[in-house]
Amino acid sequence: MTVYITTTIPYVNARPHLGFALELVQADVLARFHRRRGEAVRFQTGTDDNSLKNVLAAEAAGVPVQEFVDRNAEAFVALREPLELAVDDVIRTSRDPRHRPGVERLWRACADAGDLYREHYEGLYCVGCEQFYQPAELTGGRCPEHGTEPQRVAEENWFFRLSRHADRLHDAIAGGRLRVEPAERRNEVLAFIAGGLADFSISRSTARARGWGIPVPGDPGQVVYVWWDALGNYLTALGYGTGGDDLRRWWTGADRRVHLVGKGVLRFHAVYWPAMLLSAGLPLPTHVVVHDYLTANGRKISKSGGNSGGDAADPVALTRAYGTDAVRWWLLREVPRVGDADFTVERLIARADDELANGVGNLVNRVVSMIHRYRAGHVPGAAGAAGTAELERVAAGAPGTAELERACREAPERVAAALAEFDFRRAASAVWAVADEANRYVNLARPWELARDGDDALDAVLAALLRACRTVGDHLEPFLPGAAARVTAQCAPVDGVLPAPRPLFTRLGSPARPPRPA
RNA sequence: GGGGCGGUAGCUCAGCCGGUCAGAGCAGCGGACUCAUAAUCCGUGGGUCGUGGGUUCAAGUCCCACCCGCCCUACCA
């Protein structure tokens with residue numbers, strides 16, 4: 001199986017925020033999950049540099065556009081380390097030599113298909129917003145943003161025959177050839193298509209774009225509409241337009257082409273983009289996976305940062321303060337599949353302390369401690385004192401063993417089933433369930449009593465627990481790669497002896513109270 | 001204005017095609033244990049399932065209207 005996974009490419013007029021981190025982490029989980037199964041995976045992200053908003057932000061900052069864009073793009077690319085992303089490729093639309101030739105080729109392909117045409121375009125244009133408005137969007141004939149009366153601007157623009165592809169688009173989505181997930185979003189797209197698709201403008205006059213962007217092939221007075229340009233990244237990064245084998249490997253010949261997108265750009269990815277591909281004679285994405293938005297402390301996260309959300313929504317600041325694991329865990333465990341989620345530091349801490357420090361961390365710690373205390377760190381069964389099969393037989397008689405074994409056994413299929421539906425929350429909880437069950441098992445099996453009584457079952461119980469810890473470490477990898485490695489290392493004997501137990505997660509909330517005197 | 005999504009216990013959320021679906025986790029309260037980062041385990045949940053109608057033998061679960069939040073409606077994940 002060959003899987004191509006992409007995030008959207010954010011425009012870089014400001015620093016990245018937690019909402020984009022969500023998308024990156026979700027994509028990363030998918031990438032790691034498939035990779036673990038031995039499948040060929042390419043995980044790609046990038047930046048959308050050619051947006052007019054970048055130009056405006058650069059002007060406001062008094063910096064040349066390219067310099068401004070470079071500087072901000074850096075902050076997005078730099079998310080890899082703090083979020084521990086296993087990204088394979090990053091494409092930047094203003095700089096990457098693969099991009100412009102690809103966009104031009106896509107343009108020509110659609111032109112050759114007869115889907116591009118020039119037409120007189122007249123619209124209400126707000127200079128302040130640098131955009132056109134439909135009459136219905138205006139309030140009292142004025143720009144809702146600036147309160148000014150928009151100008152009537154007329155020019156020739158290039159249009160794409162979206163209308164021509166409506167039926168095929170509908171069939172692809174309704175029939176599941178292009179899966180829009182979750183289903184709520186698929187219905188939304190189908191309703192939109194059913195409402196009729198109008199051709200859309202795909203160029204802007206170079207003057208209004210302030211000279212920033214990719215010139216329309218053969219029409220230097222126009223630049224390519226930024227969405228056309230940006231969507232093209234999914235292809236151009238694969239060498240569409242510049243050659244090489246990547247296009248065949250990761251697009252035309254791939255088993256899955258998965259786009260992760262925010263709900264705000266659903267239409268572009270589930271309607272415009274597939275239509276462009278149909279026109280160009282290329283396969284459609286197989287999945288468009290839509291996530292909703294994050295708020296911080298009940299407020300919308302503003303992309304311009306600063307004011308409301310501020311640092312509360314800065315993924316880098318959060319990982320620095322609370323660690324990558326806690327941030328990733330919150331994003332994966334607390335964000336529902338449908339519906340916006342509100343981020344607060346309190347919830348991040350509560351989630352991490354409860355499930356990571358007290359749950360997984362403490363479990364591994366207590367298990368390894370007992371193996372050290374009762375068996376000098378020797379992994380039960382490994383020294384040949386008793387065969388593994390014998391241990392399992394003995395353990396099977398202990399209360400709760402069956403449940404624990406079942407949790408371990410079922411974890412992989414539960415993770416796979418959840419991720420097949422892009423339900424990250426359910427997938428993460430399937431891993432967590434193993435640790436939860438193992439903690440329960442300790443209290444049930446009471447190894448300290450077995451040790452005191454010299455009971456044979458001790459080795460079996462410890463072995464079962466260590467297996468559970470390893471299962472957690474193993475399946476946690478796509479979600480928390482760093483923590484998973486620590487769990488795994490803690491459970492791997494060195495010269496026949498497990499490493500001395502060390503806390504795997506520091507508590508983030510108020511420090512633990514000291515033990516009550518005995 | 002049009003289209004869409006959400007509104008379920010203090011908090012975060014599960015509830016697919018209508019009939020043990022009124023649930024889970026967290027918090028709170030009570031108890032147990034001592035291997036462990038006082039961590040862990042057990043017990044404990046009367047919330048008009050946003051509001052008002054309707055369909056049905058039966059509705060969070062379908063239909064209509066309305067209220068609240070959010071997204072899209074030609075350049076914000």
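The structure displayed is predicted, hence computed values, not measured ones. Order of the sequence lines fixes the chain letters, A, B, ..., with proteins taken first and strands second; residue numbering starts at 1 for each chain.
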Provide the distance between the two [atom1] atoms, one in [N] and one in [M], to the nearest whole Å.
{"N": "B/rG7", "M": "B/rA14", "atom1": "C1'", "answer": "15 Å"}
{"N": "B/rG15", "M": "B/rG52", "atom1": "P", "answer": "25 Å"}
{"N": "B/rC64", "M": "B/rG2", "atom1": "P", "answer": "15 Å"}
{"N": "B/rA38", "M": "B/rG18", "atom1": "C1'", "answer": "47 Å"}
{"N": "B/rG50", "M": "B/rG60", "atom1": "C1'", "answer": "11 Å"}
{"N": "B/rG25", "M": "B/rG69", "atom1": "P", "answer": "33 Å"}
{"N": "B/rC67", "M": "B/rA74", "atom1": "C1'", "answer": "32 Å"}
{"N": "B/rC42", "M": "B/rC33", "atom1": "P", "answer": "15 Å"}

Next on the checklist: Under 4.0 Å from OP1 or OP2 of B/rA39: is there any side-chain N or O of A/Arg507 that close?
Outcome noted: yes
Using whole Å, what does the distance between atom [atom2] of nucleotide [N] and atom [atom1] of [X] come to?
{"X": "A/Trp273", "N": "B/rC75", "atom1": "CH2", "atom2": "C1'", "value": "16 Å"}
{"X": "A/Arg204", "N": "B/rA74", "atom1": "CZ", "atom2": "C1'", "value": "6 Å"}
{"X": "A/Arg446", "N": "B/rC41", "atom1": "CZ", "atom2": "P", "value": "14 Å"}
{"X": "A/Trp448", "N": "B/rC35", "atom1": "CH2", "atom2": "C1'", "value": "6 Å"}
{"X": "A/Leu197", "N": "B/rA74", "atom1": "CG", "atom2": "P", "value": "14 Å"}
{"X": "A/Arg366", "N": "B/rC35", "atom1": "CZ", "atom2": "C1'", "value": "6 Å"}
{"X": "A/His291", "N": "B/rC71", "atom1": "NE2", "atom2": "P", "value": "13 Å"}
{"X": "A/Asp325", "N": "B/rU37", "atom1": "CG", "atom2": "P", "value": "19 Å"}

Between [X] and [Y], does the ring centre distance come in under 6.0 Å?
{"X": "A/Tyr272", "Y": "A/Phe200", "answer": "yes"}
{"X": "A/Phe343", "Y": "A/Trp330", "answer": "yes"}
{"X": "A/His120", "Y": "A/Phe159", "answer": "no"}

Scan [X] against the nucleic acid and name what it touches under 4.0 Å (heavy atoms): base, sugar-phosphate only, or nothing.
{"X": "A/Phe343", "value": "nothing"}
{"X": "A/Tyr225", "value": "base"}
{"X": "A/Ser201", "value": "base"}
{"X": "A/Asp436", "value": "sugar-phosphate"}
{"X": "A/Leu504", "value": "base"}
{"X": "A/Gly195", "value": "nothing"}

Checklist outcome for this item: Closest to the 5' end of RNA chain B, once A/Gly359 and A/Glu449 are matched to their nearest nucleotides, is A/Glu449
Item to check | Nearest-nucleotide comparison on RNA chain B, the residue closer to the 5′ end among A/Asp423 and A/Ala209 | outcome: A/Asp423
Item to check | Chi-angle category of B/rG60 [syn within 90° of 0, anti beyond] | outcome: syn
Checklist outcome for this item: With B for base contact, S for sugar-phosphate-only contact and - for none (protein heavy atoms under 4.0 Å), nucleotides 60-68 of chain B reads ---------
Item to check | Nucleic acid footprint by protein, nucleotides 2-13 of chain B - heavy-atom cut-off 4.0 Å, B for base, S for sugar-phosphate alone | outcome: -SSSS----SSS
Among the nucleotides [options], which one has an atom lying closest to any side-chain atom of [X]?
{"X": "A/Ala357", "options": "B/rU37, B/rA36, B/rU40", "value": "B/rU37"}
{"X": "A/Trp227", "options": "B/rU37, B/rC35, B/rC75", "value": "B/rC75"}
{"X": "A/Asn439", "options": "B/rU37, B/rU73, B/rU40", "value": "B/rU40"}

Would you call [X] and [Y] a salt bridge, using N to O less than 4.0 angstrom?
{"X": "A/Arg440", "Y": "A/Glu403", "answer": "no"}
{"X": "A/Asp199", "Y": "A/Arg164", "answer": "no"}
{"X": "A/Asp292", "Y": "A/Arg337", "answer": "no"}
{"X": "A/Glu188", "Y": "A/Arg185", "answer": "yes"}
{"X": "A/Glu334", "Y": "A/Arg425", "answer": "no"}
{"X": "A/Asp325", "Y": "A/Arg486", "answer": "yes"}

Checklist entry - Would you say the side-chain atoms of A/Asn157 and A/Glu155 include a donor-acceptor pair closer than 3.5 Å? => result yes
Checklist entry - Under the criterion salt bridge (Lys or Arg N to Asp or Glu O under 4.0 Å), which of A/Arg299, A/Lys300, A/Arg347 is the partner of A/Asp342? => result A/Arg347
Checklist entry - Within the side chain of A/Asp353, is there an N or O that forms a donor-acceptor pair under 3.5 Å with the backbone of A/Leu508? => result yes
Item to check | Flag, side chain of A/Asp455 to backbone of A/Ala457, donor-acceptor distance under 3.5 Å | outcome: yes
Checklist entry - Hey, does A/Asp48 have a side-chain heavy atom less than 4.5 Å from the side chain of A/Val226? => result yes
Checklist outcome for this item: Stems of at least 3 consecutive Watson-Crick or G-U wobble pairs (donor-acceptor distances under 3.5 Å) involving RNA chain B, listed by first number, are B:1-7 with B:67-73, B:10-13 with B:23-26, B:28-32 with B:40-44, B:50-54 with B:62-66
Item to check | Side-chain-base donor-acceptor pair under 3.5 Å for A/Asn443 and B/rU40 | outcome: yes
